[in-house]
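Working notes, structure below.
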Amino acid sequence: DWPGRQGYAGELIHSSAYRNPRPYRGRDVLVVGPNVTGTEVANQLARGGAARVRVACRTVPNLVARKFLGVTVNAPGLALNHLPLRVADEVAWLMQRILFGRLDRYGLPRSPEGVATTMVRRQQAPAYDDGFVEELRAGRIEIVAAVVGFDQSDVVLADGARIQPDAVIAATGYRRGLDELVGHLGVLDSNGVPLVSGGQEHPSAAGLFFIGYRVDLSGQLRLMRIDARAIAKAVRRQRAACDD
């Protein structure tokens with residue numbers, strides 16, 4: 001809900017409408033939001049021939065690599081899950097420094113919230129680096145201040161700057177969207193996150209299961225596998241009870 005958005009004369013899309021970097025070859029593109037989707041889109045644009053790629057940053061993201069010392073990052077993530085949040089945040093930050101060095105010179109200082117704390121408090125996974133940091137260091141991706149509004153052909157940034165990109169891709173505003181579907185059943189917390197997952201059932205909604213809404217440092221795909229098996233067992237028990 002940026003001021004001036006409706007009268008913006010430039011091209012503005014949400015990242016859900018983005019498909020590939022081909023339409024942006026040779027163009028100046030601003031990506032809004034440097035988290036999971038934003039870093040992936042910016043990386044694809046930089047490698048796909050965009051003339052200039054800028055990323056507007058409001059909250060500095062937590063970046064993690066796919067692997068740490070040759071091992072998938074989900075392995076040490078299992079251990080970090082058992083540590084106090086503050087300790088897990090510091091260990092994860094040390095891993096980031098070893099892997100990426102100091103990124104503050106490129107516009108990305110340390111995130112105000114650590115990886116573990118962000119997952120618990122906001123249910124938000126870190127951004128996995130697939131080349132974003134390399135493009136950032138090479139100058140093919142630039143970090144700019146947060147977007148605060150639009151003024152005809154200008155994009156207005158929090159530091160007072162006005163820029164005129166050819167296209168703006170907003171990697172923002174993602175939500176789970178469960179409220180309209182099941183919010184009336186009392187199965188969601190105040191953030192719209194299911195109160196139970198996997199094979200568990202909420203007392204007010206027997207037979208309703210949730211999968212894919214849990215996040216932790218071991219990785220969502222691992223949790224989905226665990227939850228899928230638990231749901232299958234629960235459904236099997238219910239069918240067996242009905243047959244009896």
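Since this is a predicted model, take the numbers as computed values, not measurements.
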Task: Test side chain to side chain contact (heavy atoms under 4.5 Å, CB included) applied to Asp28 and Arg54, step by step - done: CA-CA 8 Å; Asp28 181 342; Arg54 285 175 283 193; 2.8 Å; yes
- [ ] Report yes or no: does Asp89 contribute a side-chain atom to a donor-acceptor pair with the main-chain N or O of Thr117 at less than 3.5 Å?
- [x] yes
Open item on the list: Using a 3.5 Å distance criterion without hydrogens, assess whether the side chain of Asn43 forms a donor-acceptor pair with backbone atoms of Asp130.
Closed with: yes
TODO: Nearest 0.5 Å please: distance from the CG atom of Asn35 over to the CD atom of Glu40.
DONE: 10.0 Å
Open item on the list: Quick one, Ile226 and Arg222 - any side-chain contact, counting heavy atoms below 4.5 Å?
Closed with: yes
TODO: Check Gly199 against Ala230 and note the closest heavy-atom contact, atom names and distance.
DONE: N-CB, 3.5 Å
Task: Val31 side chain near Tyr18 side chain, heavy-atom distance below 4.5 Å - done: no
- [ ] Supply the atom-to-atom distance Gln123 CD to Asp216 CG, rounded to the nearest 0.5 angstrom.
- [x] 9.5 Å
- [ ] Indicate, with yes or no, if Leu30 and Tyr24 share a hydrophobic cluster defined by side-chain heavy-atom contacts under 4.5 Å among Ile, Leu, Val, Met, Phe, Trp and Tyr.
- [x] no
Task: Contact check, side chains of Trp93 and Gln96, non-hydrogen atoms, under 4.5 Å - done: yes
TODO: Check the pair Arg97 / Glu90 against salt bridge (charged side-chain N to carboxylate O under 4.0 Å, His left out), numbers first and verdict last.
DONE: CA-CA 11 Å; Arg97 285 293 301 272; Glu90 292 301 321; over 6 Å; no
TODO: Quick one: closest heavy-atom pair of Val148 and Pro3, and the distance?
DONE: O-CD, 3.2 Å
Open item on the list: Check Asp166 with Arg52, please: is the shortest side-chain N to carboxylate O separation under 4.0 Å?
Closed with: no
Task: Nearest atoms (heavy-atom pairs only) where Leu108 meets Cys57 - done: CD2-SG, 4.3 Å
Task: Donor-acceptor pair between Glu113 and Gln124 side chains, under 3.5 angstrom - done: no
- [ ] State plainly whether one hydrophobic cluster holds both Ile169 and Leu12, where clusters connect Ile, Leu, Val, Met, Phe, Trp and Tyr through side-chain heavy atoms under 4.5 angstrom apart.
- [x] no
Open item on the list: Which Ile, Leu, Val, Met, Phe, Trp or Tyr residues join Leu208 in one cluster when any pair of side-chain heavy atoms under 4.5 Å counts as a link?
Closed with: Leu178, Leu181, Val182, Leu185, Val187, Leu188, Phe210, Tyr213
Open item on the list: Using modelled atom types and a 3.5 Å cut-off, is there a donor and acceptor pairing between side-chain atoms of Asn191 and backbone atoms of Val193?
Closed with: no
- [ ] Of all the heavy-atom pairs spanning Ala171 and Gly33, show the shortest one and how long it is.
- [x] CB-O, 4.0 Å
TODO: Enter the distance from Leu45:CG to Arg22:CZ here, rounded to the nearest 0.5 Å.
DONE: 12.5 Å
TODO: State the CE-CD distance between Met119 and Gln220, to the nearest 0.5 angstrom.
DONE: 7.5 Å
Task: Whether over 12 other heavy atoms sit under 6.0 Å from Arg86 CZ - done: no
TODO: Identify whether Val55 and Val29 are in the same connected component of the hydrophobic contact network (ILVMFWY, side-chain heavy atoms under 4.5 Å).
DONE: yes
TODO: Check for a donor-acceptor pair, side chain of Ser111 on one end and backbone N or O of Val60 on the other, with a separation under 3.5 Å.
DONE: yes
TODO: Answer yes if Val64 and Val91 sit in the same cluster of Ile, Leu, Val, Met, Phe, Trp and Tyr residues linked by side chain heavy atoms under 4.5 Å apart, and no otherwise.
DONE: yes
Open item on the list: Could you tell me if the side chain of Phe209 sits less than 4.5 Å from the side chain of Val235, heavy atoms only?
Closed with: yes
Open item on the list: With a 3.5 Å distance limit and no angle check, can you tell me whether Glu201 reaches the backbone of Gly207 through a side-chain donor-acceptor pair?
Closed with: yes
Task: Residue pair Phe132 / Ala42: nearest heavy atoms and the distance that separates them - done: CE1-CB, 4.1 Å
- [ ] Please answer whether the main-chain N or O of Val156 pairs with a side-chain N or O of Asp154 as donor and acceptor at a distance below 3.5 Å.
- [x] no
Open item on the list: So, taking the atom named CD1 in Ile143 and the one named CG in Leu136, what distance separates them when rounded to the nearest 0.5 Å?
Closed with: 5.0 Å
Open item on the list: Set out, in order, the CA-CA distance, both residues' side-chain angles and the distance that settles side chain to side chain contact (heavy atoms under 4.5 Å, CB included) for Leu63 and Leu103, then state yes or no.
Closed with: CA-CA 10 Å; Leu63 289 163; Leu103 297 180; 4.0 Å; yes
Open item on the list: With clusters defined by side-chain heavy atoms of hydrophobic residues (ILVMFWY) lying less than 4.5 Å apart, directly or transitively, does Tyr128 cluster with Met95?
Closed with: yes
- [ ] Work out which heavy atom in His202 is nearest to a heavy atom in Leu195; give both atom names and the distance.
- [x] NE2-CD1, 3.7 Å
TODO: Without swapping roles, check the side chain of Trp2 against the backbone of Val147 for a donor-acceptor pair under 3.5 Å.
DONE: yes
